[in-house]
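As structure tokens, the structure follows; a few thoughts come after it.
In this chain, residues are counted from 1 in sequence order.
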Amino acid sequence: MATRFTLFSLFTSLLLSLSLAEIRFSDIRSDDRQIIPFDEFGFTHFGRLELNVTNIRLSNPNPDLDRSKIGFFLCTRDSWLHVINQLEDGEIACALQSDLIKPVFTFNDLKKDHDSLSKIVTQNDADQYTLVFANCLTSLKVSMDVKSVMYNLDRGGKVRDYLSAGKTILPRVYYLLSLIYFGLVGVWIYVLYRKRLTVYRIHFFMLAVVILKTVNLLCEAEDKSYIKRTGYAHGWDVLFYIFSFLKGITLFTLIVLIGTGWSFLKPYLQDKEKKVLMIVIPLQVVANIAQVVIDETGPYGQDWITWKQVFLLVDVVCCCAVLFPIVWSIKNLREAARTDGKAAVNLMKLTLFRQYYIVVICYIYFTRVVVYALETITSYKYLWTSVVAGELATLAFYVFTGYKFKPEAHNPYFVVDDEEEEAAAEALKLEDEFEL
């Protein structure tokens, strides 16, 4: 039962990943896993799989081995659930024996004194499939080099599309988003110029974050565009990883700086706030390394699941860490509002930071839940919607942050009259009204 659960978990984790199929080269060395998932791909009615396996080596060279229990097949998520049931009920002893899969080939097709196999499979049943290798012989270790190419053809059968059916429009989506952010860069530069007498250093930091996000989206658009047309990223993936790393670090740093009130309330950081940055930045380095390993190795790697867990853990820790400075600032503002005689000013600051606190929580946590839910329940044809949902949430967060903390000559959080001061002082007497 434990083995069956492991197989199910491994397969499911692949289906919920964000990896995109392309021309993939995979090296398997002395691997005795029963199931090795490779790439997933959304086929249309004009799908193709080209599989080339070379340098095949088995730890047991006995010619009497039942090599029909070693091979590749295609399988959908729903089919795999039924295959698991067949294995548990004892209807079959090996996944390759199921009538619910689409066999590609087994090592039984391997000719004597040959160490390679290749096949082109025409896939006319539109659905989301995963290429899987099964080894049902106990303690047998397999070594091989695998080249997998999955693509869809246009109706004329001439143009190849190496992006999954549900993500083939992603290049256009990322190009459009990069143009939107480019427009935001222009608007923010205009605002900084118009309000240059009231601009703080953090406003230029905000500009840097938006510029990095724009370049990151442009690199991702080029990355997906080249993969769509040629199956290779042609170096754009490297640029994407670089700017994704820089964007991630600057965004989390910006949230920490705003949360501490740096440049708005004070021109310095306290020791505990510096420690948060010293924690967040190295964690972002680890998260980006994990992301590169996840994307570039694919689920066939023996440590792929471990790296995926590391990425998720680090992501959660970073999200939690950036919230602490906001809580500290709110606490300090509450105390200052009761002691320095400027209740209205501090109360308005408190309201501002409480609003930002709530928005940060919604952006960090709820957005991830929504994206994950869309990836899980959405049809393979519309997997791009999860990407759009995540990017729109990010765009909304950027706009909100810029609007709330824009440079302003007559900042409403600092200009108050006597009546507002008295009303704020009364409000602060209600202890529970401004609790988090």
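Residues passing the ring-ring contact (aromatic ring centres under 6.0 Å, His included) test with Tyr174, sequence neighbours excluded: none. Partners of Arg194 according to the salt bridge (Lys or Arg N to Asp or Glu O under 4.0 Å) rule, which considers only residues two or more places apart in sequence or in another chain, do not exist here. Partners of Arg48 according to the salt bridge (Lys or Arg N to Asp or Glu O under 4.0 Å) rule, which considers only residues two or more places apart in sequence or in another chain, do not exist here. Residues passing the side chain to side chain donor-acceptor pair (under 3.5 Å) test with Asp127: none are found, sequence neighbours excluded. Considering only residues two or more places apart in sequence or on other chains, Asn52 meets the side chain to side chain donor-acceptor pair (under 3.5 Å) condition with none of them. Taking the side chain to side chain donor-acceptor pair (under 3.5 Å) definition, one finds that Ser68 meets it with Asp66, sequence neighbours left out. Under the salt bridge (Lys or Arg N to Asp or Glu O under 4.0 Å) criterion, Glu391 pairs with Lys213, not counting sequence neighbours. When the salt bridge (Lys or Arg N to Asp or Glu O under 4.0 Å) test is applied to Asp145, the partners found at least two apart in sequence or on another chain are Arg29. Scanning for side chain to side chain donor-acceptor pair (under 3.5 Å) contacts around Arg229 gives Ser225, with sequence neighbours left out.
Of all the heavy atoms in Val83 and Ser98, the pair that sits closest is CG2-OG, 3.6 Å. Nearest heavy-atom pair, Asn152 versus Ala165, reported as atom, atom and distance to 0.1 Å: ND2-N, 4.0 Å. In this structure, Leu192 and Pro407 approach most closely via the heavy-atom pair CD2-CG, 4.1 Å. Residues Ile23 and Lys147 approach most closely at CG2-CE, 4.0 Å, considering heavy atoms. Taking every heavy atom of both residues into account, Trp80 and Cys75 meet most closely at N-SG, 3.5 Å. Nearest heavy-atom pair across Ala233 and Asp223 is CB-OD1, 2.9 Å.
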Residue pair Thr253, Thr250: steps toward the side-chain hydrogen bond (donor to acceptor under 3.5 Å, both in side chains) verdict
CA-CA 5 Å; Thr253 303; Thr250 54; over 6 Å; no

| field | Intermediate values then yes/no, side-chain hydrogen bond (donor to acceptor under 3.5 Å, both in side chains), Tyr175 and Glu222 | value | CA-CA 8 Å; Tyr175 278 128; Glu222 288 293 331; 2.5 Å; yes

Self-check item: Derivation and outcome, side-chain hydrogen bond (donor to acceptor under 3.5 Å, both in side chains), residues Thr106 and Lys69
Solution: CA-CA 7 Å; Thr106 67; Lys69 293 184 178 180; over 6 Å; no

Checking Val360 against Phe397 for the side-chain contact (heavy atoms from CB on, under 4.5 Å) test, could you report, in this order, the C-alpha distance in whole Å, the side-chain angles of both residues, the deciding distance, and whether it holds? CA-CA 8 Å; Val360 168; Phe397 178 74; 4.0 Å; yes

| said: Working note: Tyr398 + Tyr181, criterion ring pair (Phe, Tyr, Trp, His ring centres under 6.0 Å); need CA distance, chi angles, decisive distance, verdict. | reply: CA-CA 10 Å; Tyr398 278 45; Tyr181 277 94; 5.6 Å; yes

### Message
Quick one, Asp32 with Lys141, criterion salt bridge (charged side-chain N to carboxylate O under 4.0 Å, His left out). Give me CA distance, side-chain angles, the key distance, then yes/no.
### Response
CA-CA 4 Å; Asp32 60 355; Lys141 296 182 178 181; 5.5 Å; no

Q: Report the C-alpha separation of Ile120 and Leu49 in whole Å, then their side-chain angles, then the decisive distance to 0.1 Å, and conclude whether the side-chain contact (heavy atoms from CB on, under 4.5 Å) test is met.
A: CA-CA 6 Å; Ile120 299 177; Leu49 163 64; over 6 Å; no

Quiz item: What's the verdict on salt bridge (charged side-chain N to carboxylate O under 4.0 Å, His left out) for Glu50 and Arg160, showing C-alpha distance, side-chain angles and the deciding distance?
Solution: CA-CA 13 Å; Glu50 297 180 5; Arg160 294 184 176 187; 3.2 Å; yes

- Which is it for Lys102 and Asp125 under the salt bridge (charged side-chain N to carboxylate O under 4.0 Å, His left out) test, yes or no, and what are the steps along the way? CA-CA 10 Å; Lys102 293 182 177 293; Asp125 296 328; 2.8 Å; yes

- Might you work through the side-chain contact (heavy atoms from CB on, under 4.5 Å) test for Arg172 and Leu176, ending with a clear yes or no? CA-CA 6 Å; Arg172 284 176 286 175; Leu176 177 60; over 6 Å; no

Practice prompt. Could you go through the side-chain contact (heavy atoms from CB on, under 4.5 Å) check for Leu137 and Asn135 one step at a time?
Written response: CA-CA 6 Å; Leu137 298 181; Asn135 174 13; 3.8 Å; yes

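By the 4.5 Å heavy-atom criterion applied to side chains, Val149 and Arg24 are not counted as neighbours. Within the 4.5 Å cutoff, side-chain heavy atoms of Leu110 are placed close to those of Ile56. Side-chain atoms of Asp39 and Thr130, non-hydrogen and from C-beta on, never get closer than 4.5 Å to each other. Side-chain contact between Phe46 and Thr122 is absent, with no heavy-atom pair separated by less than 4.5 Å. Two residues are said to be in side-chain contact when any heavy atoms from C-beta on lie closer than 4.5 Å; Leu163 and Pro171 meet this criterion. Residues Val142 and Phe133 are in side-chain contact: their nearest non-hydrogen atoms beyond the backbone lie under 4.5 Å apart. Residues Leu51 and Lys119 are not in side-chain contact: their nearest non-hydrogen atoms beyond the backbone lie 4.5 Å or more apart. A 4.5 Å side-chain heavy-atom check between Tyr151 and Leu153 finds at least one atom pair inside the cut-off.
Here the straight-line distance linking atom CG of Leu131 with atom CD1 of Ile36 works out to 11.0 Å at 0.5 Å rounding. Interatomic distance, Asp154 CG to Thr44 OG1, rounded to the nearest 0.5 Å: 9.5 Å. In this structure, NZ in Lys406 is found 10.5 Å from OG1 in Thr198, a value given to the nearest 0.5 Å. Distance check: Leu179 CG to Leu218 CG gives 8.5 Å after rounding to the nearest 0.5 Å.
Taking the six-membered ring where tryptophan is involved, the planes of His234 and Tyr226 are tilted, since the angle between them lies from 30° to 60°. Between Phe38 and Phe72, the angle of the ring planes lies from 30° to 60°, which puts this pair in the tilted group. Between Tyr232 and Phe25, the ring-plane angle classifies as parallel under the 30° and 60° cut-offs.
In this structure, the ring of Phe43 has its center less than 6.0 angstrom from the ring center of Phe41.
Side-chain N or O atoms of Ser143 include one that pairs as donor or acceptor with a backbone N or O of Ser30 at under 3.5 Å.
Screening residues 365-404 for disulfide bond (SG atoms under 2.5 Å apart), with sequence neighbours left out, gives no hits. Sorted by first and then second residue, the salt bridge (Lys or Arg N to Asp or Glu O under 4.0 Å) pairs with a member in residues 246-260 form an empty list; sequence neighbours excluded. Sequence neighbours left out, the pairs with a member in residues 129-237 that pass disulfide bond (SG atoms under 2.5 Å apart) are Cys94-Cys136.
Annotation for Phe182: atom CZ does not count as buried by contact number, only 12 or fewer foreign heavy atoms lying within 6.0 Å.
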